[in-house]
Amino acid sequence: MGKMPGVKGLYPDLPVQLATTRSTEFLGLASASGRLWADGKSGEDVIIGVIDSGIWPERLSFDDLSLGPIPARWNGVCEVGTNFTVSNCNRKIIGARFIFAGREADKGRPIEDGVEDYKSPRDMIGHGTHCASTAAGMRVARAVSPTGLAGGTAAGTAPKARIAVYKALWGPEGRGSLADLVKAIDWAVTDGVDVISYSVGGVTGEYFTQYYPMNVAMYNAVKQGIFFSVAAGNDGSAPGTVSHVAPWVTTVAATTQDRDIDTNVELGDGTVLKGRSDYDGTALAGQVPLVLGGDIAVSALYVDNATFCGRDAIDASKALGKIVLCFKDDVERNQEIPAGAVGLILAMTVGENLSVSHLNIPYTNVGNKAGKTMVSYIGSTAAPTATIHGAKTVLGVKPAPKVAGFSNRGPITFPQAQWLKPDIGAPGVDILAAGIENEDWAFMTGTSMACPQVSGIGALIKASHPTWSPAAIKSAMMTSASIVDNTGNIITRDESGETGTFFDFGAGLVRPESANDPGLIYDMGTTDYLNFLCALQYTPEEIQHYEPNGHACPTAARVEDVNLPSMVAAFTRSTLPGASVTFNRVVTNVGAPDSVYTANIIAPAYFEVAVEPATITFSAAAPTQSFTLTVSPNTTAPVPAGVAAEHGVVQWKDGVHVVQSPIVAIVSAS
């Protein structure tokens, strides 16, 4: 097969799985002074390809009454299948396809149609429907969760954008195959989408190994001018976990927003502890006995399992009429609601990040600190009691945003990775968007929910600036992002409360209105991306997987010269004295033709940063200018042992715009 015409390479198939509402208001799109919804015509006629688990087309978010004709350039189709007909497509959902050959090959058997999933574009697990409405859902008044929470007007970030559905993730687990996902991307390119929203998990570690075909497919899409937004992943806060690190895609971290859903626990001594779920508060009349799961195990052999509400581990007679406190972690466990219990509290073993979830019992989940407080209370009280209050929507929460504890983090950990990931942050916690089946609206949490917000914003910017490249749109978002929360402090980590860094939130929280008028952009195209591969020492044969006609690599290609809107300087501790890293950049003026920008540097601690020239002047005849930025260790304050990375920024200012780029200095042992 490898020698057949048109075959670039053979790669093993892989299983892949899944990686909104107050958020538009929190991001400034719905503000009275906002212009982007008007300037970008709410994304009308921009086509967003959503590669996911399908769509539930009957939701109001996908109504087409206020939309004009389908764009004439559209080449896609509306495929029919189980519970999905041509009439389920309209001027909003302008195309729908599905593919499952790779998934069935991975499973070794057919998908059970109508049982495991619908063999059609119809969504059985809700993920794709939620993501599609988050990116491009129409404005819908009086949206509210099934238990009356987070009421208001729901809208995607690009509410009039058109949606093209590519179902390549399948129930019940929300998994897909690499082959199917690559095919879905190829379909989207051929069909004529402008944006691809890809809330699908990736891999970390070595850059181009098993996931090589996916990077090629994403490159081919961006080469055609498609803005490609991807989820950073939900594997938690450990350094080096970020997935989807190719420089041609925009990798999105998840943050909180300034809305909480409080489902609090009140102990018998009057202590109130913050919790979160969608419990409506009607089933518990007041204080009831509180017990720790590990204290009512069926035997001493089951204490550890009972601590986590493990299956068949808790003595039902001892749980009868009580609220049971158990713990949860990231380990796959067969947890169950304890038989006989009248309520359940699940506490985090690590961290404080909470999200709305539902159980068929009075229930809430709390952070580790609250869990420890309850364990101490139970151990020090003869007859401990508690109640769970009904959920309430709380607005104006501070601090916000915070980096979600589940959101994957940088840095990229393999050699030569001198670029920043994730790229940008967006709300991804307790996002209310369109649901499936009997739920008009549903809460979901994950970088999967953050990704389509950026996809929609990309559609708005593309509508406002139709000639901008995907790199220009990404640059506009990154250089206008905010690294401070609504208390004026640097964005913190939800799991610890510690100050975050660019490895947590990328360039910062996306600010759509500012991104529409960024002042300057760092633009890139095909040549830049191929030179990036040259800098990674790709062979001519490997580069041909991306560019069949090949590419002549520069004599001394460097990652540091790839025109990204961020700069990561890698040092080793043994070479720190006298070392320096230089970056060459080109910026394009997209503001007033005659503009003068001056550099302002906030250097990473223990490092010095020099910019040459420190002032750049633009005119109609000279809309692009170059500069060089050099990072060097501070000779008067050596980098202390144990310091692995320090963060700073370069800001270009013209009196109107602040064009900010992250600078990160990494110090490795060798």
Straight-line distance of [X] [atom1] to [Y] [atom2], nearest 0.5 Å:
X: E173; Y: E116; atom1: CD; atom2: CD; value: 7.0 Å
X: K322; Y: L320; atom1: NZ; atom2: CG; value: 7.0 Å
X: T501; Y: I490; atom1: OG1; atom2: CD1; value: 10.5 Å
X: E439; Y: R59; atom1: CD; atom2: CZ; value: 9.0 Å
X: F62; Y: I163; atom1: CZ; atom2: CD1; value: 5.0 Å

Measure across [X] and [Y] and return the closest heavy-atom pair with its distance rounded to 0.1 Å.
X: A231; Y: S448; result: CB-N, 4.1 Å
X: Y118; Y: D123; result: CE1-O, 4.1 Å
X: K421; Y: V249; result: NZ-O, 2.9 Å
X: L27; Y: P427; result: CD2-CD, 3.8 Å

Student check: side-chain heavy atoms of [X] and [Y] closer than 4.5 Å:
X: E79; Y: F98; value: yes
X: M214; Y: I185; value: yes
X: L420; Y: F503; value: yes
X: I345; Y: L273; value: no
X: Y302; Y: D315; value: no
X: V245; Y: T251; value: no
X: N368; Y: V350; value: no
X: H389; Y: T387; value: yes

Check whether NZ of the Lys or CZ of the Arg R103 lies under 6.0 Å from the centre of the six-membered ring of W170 and within 45 degrees of that ring's axis.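 Checked: cation-pi criterion not met.
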
One pair to check against salt bridge (Lys or Arg N to Asp or Glu O under 4.0 Å): K398 and D485. What are the steps and the verdict? CA-CA 8 Å; K398 294 183 178 182; D485 61 28; over 6 Å; no

Side chain to side chain donor-acceptor pair (under 3.5 Å) between S455 and S197: does it pass, once the steps are laid out? CA-CA 6 Å; S455 305; S197 190; 2.8 Å; yes

Side chain of H127, backbone of D52: donor and acceptor closer than 3.5 Å?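 A pair under 3.5 Å: no.
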
What do you reckon, is [atom1] of [X] surrounded by more than 12 foreign heavy atoms closer than 6.0 Å?
X: K183; atom1: NZ; value: no
X: R142; atom1: CZ; value: no
X: K107; atom1: NZ; value: yes

Show, in sequence, the C-alpha distance, side-chain angles and deciding distance for D235 and T241, and conclude whether the side chain to side chain donor-acceptor pair (under 3.5 Å) test is met. CA-CA 7 Å; D235 296 323; T241 51; over 6 Å; no

Is the SG of C451 found under 2.5 Å away from the SG of C131?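 Unbridged: C131 and C451.
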
